[in-house]
Amino acid sequence: MGKARVLILRAPGANCDEETQFAFERAGAQVAERIHINRLREKPALLDDYQILVVPGGFTYGDDVAAGKILANQLSVFLGDQLRRFRDHEKLILGICNGFQALLKAGLLISPDEDGPLATLAQNAHGKFEDRWIAMKARAGKCPFLRDCGLLEMPIAHGEGNFICRAAWIRKGLDQAGQVVLRYVDKDGRPGPFPVNPNGSQDDIAGVCDPTGRVLGLMPHPERHVLPTQHPQWTRKGLAPEGDGLRLFRNAVEFFK
Amino acid sequence: MLWEVEILPKHHDPESARVRAEFELLTHRVAPDIRLAARGFLLEGKLPQEAAERLMNELLLDPLVEDGRVGELNAFDEFVTRDGQLRALATVLLKPGVMDPVAQSVEQASRDLGITLASVRTFRRYYAGGPIDADVRQTLFQKVLANDAIEQVIAGPLNLDHLQLGSNYDFRLVVVPIRELDDASLMNVSKSGQLSLSLAEMRAIQAHFLELGREPTDVELETLAQTWSEHCSHKTLKGAIDIDGRRIGNLLKDTIFGATQEIRRRLGADDWCVSVFEDNAGVVRFDENFNVCFKVETHNHPSAIEPYGGANTGLGGVIRDALGTGLGAKPICNTDIFCFAPPDTPPEELPPGVLHPKKVMQGVVAGVRDYGNRIGIPTVNGAVCFDPRYLGNPLVFCGTVGLVPVNRCHKEAQPGDLIVAVGGRTGRDGIHGATFSSIELTSESEKVSGGAVQIGNAITEKKMLDVILQARDRGLYSAITDCGAGGFSSAIGEMGEKLGAVVHLDRAPLKYQGLSYTEIWISEAQERMILAVPPENWDALRRLFEKEDVEATALGTFEATGRLRLRYQDQQVADLEMTFLHKGRPRVVRQAVCNGAARAKPQTSFDGDLGEVLVKILRSPNVCSKEEIIRRYDHEVQGGSVIKPLVGSANDGPGDAAVIMPVLGSWRGLAVGCGINPYYGDVDPYHMAALAIDEAVRNVVSVGADPCRIALLDNFCWGNTDRPETLGSLVRAAEACRDVALAYMMPFISGKDSLNNEFHAAGRNIVIPATLLISALGIVPDIRNCVTMDLKEPGNLLVLVGSTRNELAGSHFHVVTGQVGGEAPKVDMEAAPRIFRKVHNAIERGLVRSCHDLSEGGLAVAVAEMAFAGNIGADITGLGEMDLPEEVALFSESPTRFVVEVTPNKIAELKSLLGSEVPLLALGETVREPRLRIAGSSGMWIVEATLASLKEAWQKPLRQ
């Protein structure tokens with residue numbers, strides 16, 4: 001058992017919280033609890049009891065206005081200071097899918113400048129919600145979640161995952177700073193057009209981390225590839241010992257050993 | 001103060017592209033120059049412009065991809081781009097009172113930013129590059145920009161001075177004098193009040209009130225109408241029927257329900273039914289800790305008028321059925337089955353008032369997508385059928401499977417329990433949905449029944465679901481049910497049937513003021529449920545709900561009076577005996593005739609190219625790939641996905657059934673599948689029903705479900721059963737359900753019927769084909785033994801399990817070639833259960849590499865699908881052994897058949913397992929070359945095609 005205590009943030013419309021809890025339990029977390037944002041707003045000090053904060057997938061507030069936007073505002077307005085302190089205490093924050101959208105729009109992954117946000121997750125280039133398995137290549141750098149991850153297969157299920165930077169220099173800057181940690185590739189690790197890059201993201205970006213590496217946001221769902229039977233081709237290739245996504249959760253848990 | 005915020009896309013503008021494409025689809029003319037579609041918000045409140053600007057910048061606008069502007073109402077009617085000046089063409093607003101989830105979210109999110117708004121409305125605005133002709137404008141306004149069931153199109157400035165709805169309501173008790181009325185006047189009361197009560201029913205009500213010595217109130221009549229409606233009481237299926245000189249006392253009890261009781265009796269200690277045909281969904285055992293429930297509902301008539309809202313609220317409703325089963329089941333997957341007119345229907349053939357089937361399909365798919373995805377329940381199984389007769393009356397079936405702890409499967413409201421309404425608020429939504437769903441559609445339906453069409457709010461339901469399951473686990477309530485058709489009336493009326501209830505209607509939280517007590521009682525506003533809460537738990541329950549921002553309100557009390565008493569501001573507005581309400585409906589005896597099986601005409605002979613026939617069937621709309629729809633649904637949320645709807649080497653082959661793992665980490669699984677084929681109904685409704693069951697069962701057995709643990713659901717969608725022959729065909733189908741269920745020992749656990757699926761307009765009367773959807777829920781003992789239908793490796797053997805017969809009537813071979821005659825396929829009720837058991841044993845023992853059932857298009861289509869799904873070729877050389885004409889061997893749709901791929905070292909074991917009583921035919925082998933070849937009886941190749949060409953034929957029709 002690791003010592004990691006995980007807080008999975010529930011909010012109206014979050015809907016991947018239970019399988020994310022399951023993933024962390026499988027990965028050996030000491031505790032993985034699902035806690036409603038109202039409780040955290042009442043008592044932000046609750047955060048002190050945990051080492052890992054997860055904003056799970058879902059459709060918080062229906063993705064009304066824009067995906068993750070309303071939750072993002074709540075995170076900045078009500079919990080902004082606590083979240084920055086959490087990160088600065090060498091703790092980990094993970095945003096998956098809708099959680100990634102919320103963390104990005106709350107400025108927790110890439111700080112805005114005086115002209116506003118540097119990047120966003122816009123509507124998929126094909127304009128549609130899509131559920132599809134993809135592969136991505138990790139370049140972990142200082143991001144502890146992705147240590148030894150290499151190639152990962154897992155599903156995406158989103159309508160707004162198209163990573164767009166305000167300008168080319170920003171994208172290059174993120175890359176040079178080692179913040180672009182996950183890119184869509186094919187099964188052989190090579191980039192390609194749709195469906196390899198499933199949503200039109202610039203530079204095939206599937207996930208980014210903050211400058212410390214301890215805050216990670218990604219569109220694909222690692223919690224949906226924890227068990228080998230979740231893989232779409234297990235009846236062809238046989239059962240693997242475990243799903244690719246489990247590594248990411250285990251890395252997070254083991255970071256606190 | 002009214003502010004207007006406009007958000008304009010910088011690059012990507014799917015909405016104006018939709019408008020142009022839809023205009024072209026409907027008119028075959030070049031689309032007008034609609035250049036830009038903005039979305040916008042009207043903000044009402046005492047706030048300065050800076051606050052409105054702050055809301056735009058911090059909440060409403062994504063500056064990387066959008067432009068935005070703020071002004072007072074009607075500040076904007078043009079937009080200047082690099083390419084010139086665009087002029088506003090029209091603004092589209094939801095009609096007042098229609099659910100606007102985005103507006104609700106904006107109100108809340110503004111509070112988070114410290115800005116209080118009185119009200120918000122969303123809109124869309126369309127900008128054109130140049131002038132638009134009057135006739136084009138008319139088409140755009142009436143058919144393309146908006147759906148006038150829920151939206152209004154406004155050209156020019158908006159004439160608004162406030163957004164908030166509602167007006168004062170002064171209580172006035174309405175009494176409806178009926179005691180003195182003659183028959184014609186009684187019927188007039190029924191019609192003018194949209195009560196849909198028959199003369200016999202009106203007379204029974206009249207007699208009852210004569211006895212009471214008073215006149216009924218309006219709300220009493222409404223309560224009776226709703227409770228006695230076809231939708232809520234299923235009076236046809238549960239009524240008496242005279243058919244061909246014999247009397248059926250209660251069709252449902254004599255057939256489907258009767259079969260279930262008999263199966264339970266025969267199973268004895270092995271009976272695995274927990275609660276059947278009594279709760280909102282049927283419940284069966286899953287494992288030692290959990291049971292599972294399953295319910296499938298239809299939402300046809302609302303979907304015809306407003307496809308998005310109809311499908312969306314249909315799904316929301318059936319999810320609440322699961323949540324309202326026992327003490328509450330957690331929804332774990334959804335199913336969706338649709339029947340539409342062909343998407344290539346020429347627009348000039350549309351009767352007035354009918355939406356184009358392509359638009360219906362897009363709307364329905366989007367409605368299911370948005371509700372299912374947002375609430376976080378995977379949509380794992382479905383089917384789409386096309387037939388021109390679904391033109392004005394599409395069918396939309398939505399199903400939900402739920403997981404419920406074994407000690408939470410029964411409920412009973414107790415005297416003294418509080419009647420607690422939870423979830424959404426009550427508005428004028430959907431008044432008369434219960435009676436409306438039993439009325440035939442007409443070209444006027446759009447106008448007269450608009451109030452019965454609604455939009456759902458998945459997040460409201462998700463919030464309610466989250467807290468209800470917590471309250472369930474803490475044992476805070478003693479009964480629960482959902483507010484579906486009939487609203488509070490049906491929920492409280494049913495829950496209090498054995499007790500009695502007093503309800504204070506003025507306590508219900510309203511969306512806006514001005515509702516009468518009757519409107520509150522029968523409103524079908526979505527996302528509401530009723531709990532029976534012991535008074536000592538009320539505080540704890542209320543606190544729990546408050547913590548997650550879910551409203552809970554005590555409306556009254558269940559009491560052992562046997563009466564339903566409604567009060568408004570301390571005045572009595574209704575006082576009905578529960579026995580009269582639930583048992584007072586006069587029994588109808590309906591007439592049916594059974595035409596007998598039409599005499600089979602001789603099968604015409606065929607000498608065309610069989611390879612071409614295969615391609616035609618692959619691209620026929622019922623068979624072709626539904627990937628374009630499936631990928632719009634999240635089929636993996638909750639993490640339990642084991643066998644996905646799309647399978648194979650490129651994740652795009654047609655899986656037979658979905659398998660999920662309901663309890664993460666436990667290898668026990670559930671397979672979910674369905675069977676539907678209206679074409680056979682035209683030949684023989686009895687065999688059609690038997691074949692639908694067989695197909696549903698084949699599908700779940702193919703992936704690994706245990707045939708001893710398969711439960712069935714029926715959904716009958718029929719035309720007007722006042723016609724004796726239409727009712728007769730329903731009787732025959734129900735009898736087939738009984739016979740096959742008994743033969744297979746598979747209980748029906750729940751069902752629903754939707755009658756009067758007809759469309760009348762402009763002298764045309766379109767009756768849907770008799771359509772029976774069978775859904776199957778099967779337990780997979782160990783999901784690690786599951787198999788999929790895609791071929792796995794070259795060098796394996798392919799065998800056909802089951803008998804092929806010359807029975808082509810209703811087959812896709814006939815559909816695509818125009819051939820006629822022959823017999824409808826028939827289920828062999830003696831052999832089929834044995835075949836299912838043996839195929840299952842073979843899968844369990846690991847003898848099967850892939851398995852696919854044979855349905856539309858028979859053997860040829862099955863083998864083609866297996867090959868291109870696995871990207872492994874096949875040489876089929878065993879047809880000669882069948883001793884049948886080649887087209888029969890290839891395309892017969894004889895039921896209870898499977899193609900099985902087996903490795904050469906396992907074939908002997910498979911043969912000995914199947915034994916002599918299960919027909920097995922060696923078909924051929926899998927090959928590395930990506931091609932399909934099928935040899936005829938002479939040994940010549942009669943089908944020869946590349947997998948790429950077959951797959952392309954199958955994938956192309958619904959792509960984009």
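Just so it is clear: chains get the letters A, B, ... in the order the sequence lines come, proteins before strands, and each one is counted from 1.
Looking at A/R34 and B/D466, no side-chain N of the basic residue comes within less than 4.0 Å of a carboxylate O on the acidic one, giving no salt bridge. A salt bridge links B/E15 and B/R18; the closest N-O separation between the charged side-chain nitrogens and carboxylate oxygens is under 4.0 Å. A salt bridge does not link B/K644 with A/D131: every distance from a Lys NZ or Arg NE/NH1/NH2 to an Asp or Glu carboxylate oxygen is 4.0 Å or more.
Considering only heavy-atom pairs separated by less than 4.5 Å from chain A, the leading option among B/K462, B/K547, B/K792 is B/K792. By number of non-hydrogen pairs under 4.5 angstrom with chain A, the leading residue of B/P14, B/C786, B/S850 is B/C786. Between chain A and the residues B/I459, B/L61, B/I375, the largest count of heavy-atom pairs under 4.5 Å involves B/I459. Between chain A and the options B/S649, B/A103, B/A366, B/G639, the largest number of non-hydrogen pairs under 4.5 Å is found for B/S649. Ranked by non-hydrogen atom pairs under 4.5 Å with chain A, the options B/G648, B/A17, B/A109 are led by B/G648.
Only the backbone of A/A125 comes within contact range of chain B, with heavy atoms under 4.5 Å apart. A/H225 does not touch chain B: none of its heavy atoms, backbone or side chain, sits under 4.5 Å away. Interface remark: A/N124 contributes backbone atoms only to the contact with chain B (heavy atom separation under 4.5 Å). Neither the backbone nor the side chain of A/A72 comes within less than 4.5 Å of any heavy atom in chain B. If you measure heavy-atom distances from A/V77 to chain B, the contacts under 4.5 Å come from the side chain alone. The contact between A/I164 and chain B is made by backbone and side chain atoms together, counting heavy-atom distances below 4.5 Å. Heavy atoms of A/R41 lying under 4.5 Å from chain B belong exclusively to its side chain. With a 4.5 Å cut-off on non-hydrogen atoms, A/E42 does not touch chain B at all. Contact of A/A122 with chain B is made through the side chain alone, with heavy-atom distances under 4.5 Å. With a 4.5 angstrom heavy-atom cutoff, A/Y61 touches chain B via backbone and side-chain atoms both. Interface remark: A/R39 contributes no atoms to any contact with chain B (heavy atom separation under 4.5 Å). Residue contact with chain B, scored on non-hydrogen atoms closer than 4.5 Å, involves the backbone of A/L118 exclusively.
Using non-hydrogen atoms only and a strict 4.5 Å limit, the part of residues 234-243 of chain A facing chain B consists of A/W234, A/T235, A/R236, A/L239.
Side-chain contact, A/D63 with A/N98: a donor N or O sits under 3.5 Å from an acceptor N or O. The closest side-chain donor-acceptor pair between A/Q233 and A/H231, if any, does not fall under 3.5 angstrom. Side-chain contact, B/T122 with B/D100: a donor N or O sits under 3.5 Å from an acceptor N or O. With no hydrogens or angles considered, no side-chain donor-acceptor pair links B/Q470 and B/D473 at under 3.5 Å.
Atom CD of B/E901 and atom CG of B/N796 lie 4.5 Å apart (nearest 0.5 Å).
In this structure, the side chain of B/E527 engages the main chain of B/N457 through a donor-acceptor pair within 3.5 Å. No donor-acceptor pair under 3.5 Å is formed between the side chain of B/D634 and the backbone N or O of B/G372.
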**Verdict with supporting geometry, A/K69 and A/E160, salt bridge (charged side-chain N to carboxylate O under 4.0 Å, His left out)** = CA-CA 12 Å; A/K69 179 67 183 170; A/E160 300 179 39; over 6 Å; no
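Screening residues 24-46 of chain A for ring-ring contact (aromatic ring centres under 6.0 Å, His included), with sequence neighbours left out, gives A/F24-A/F249.
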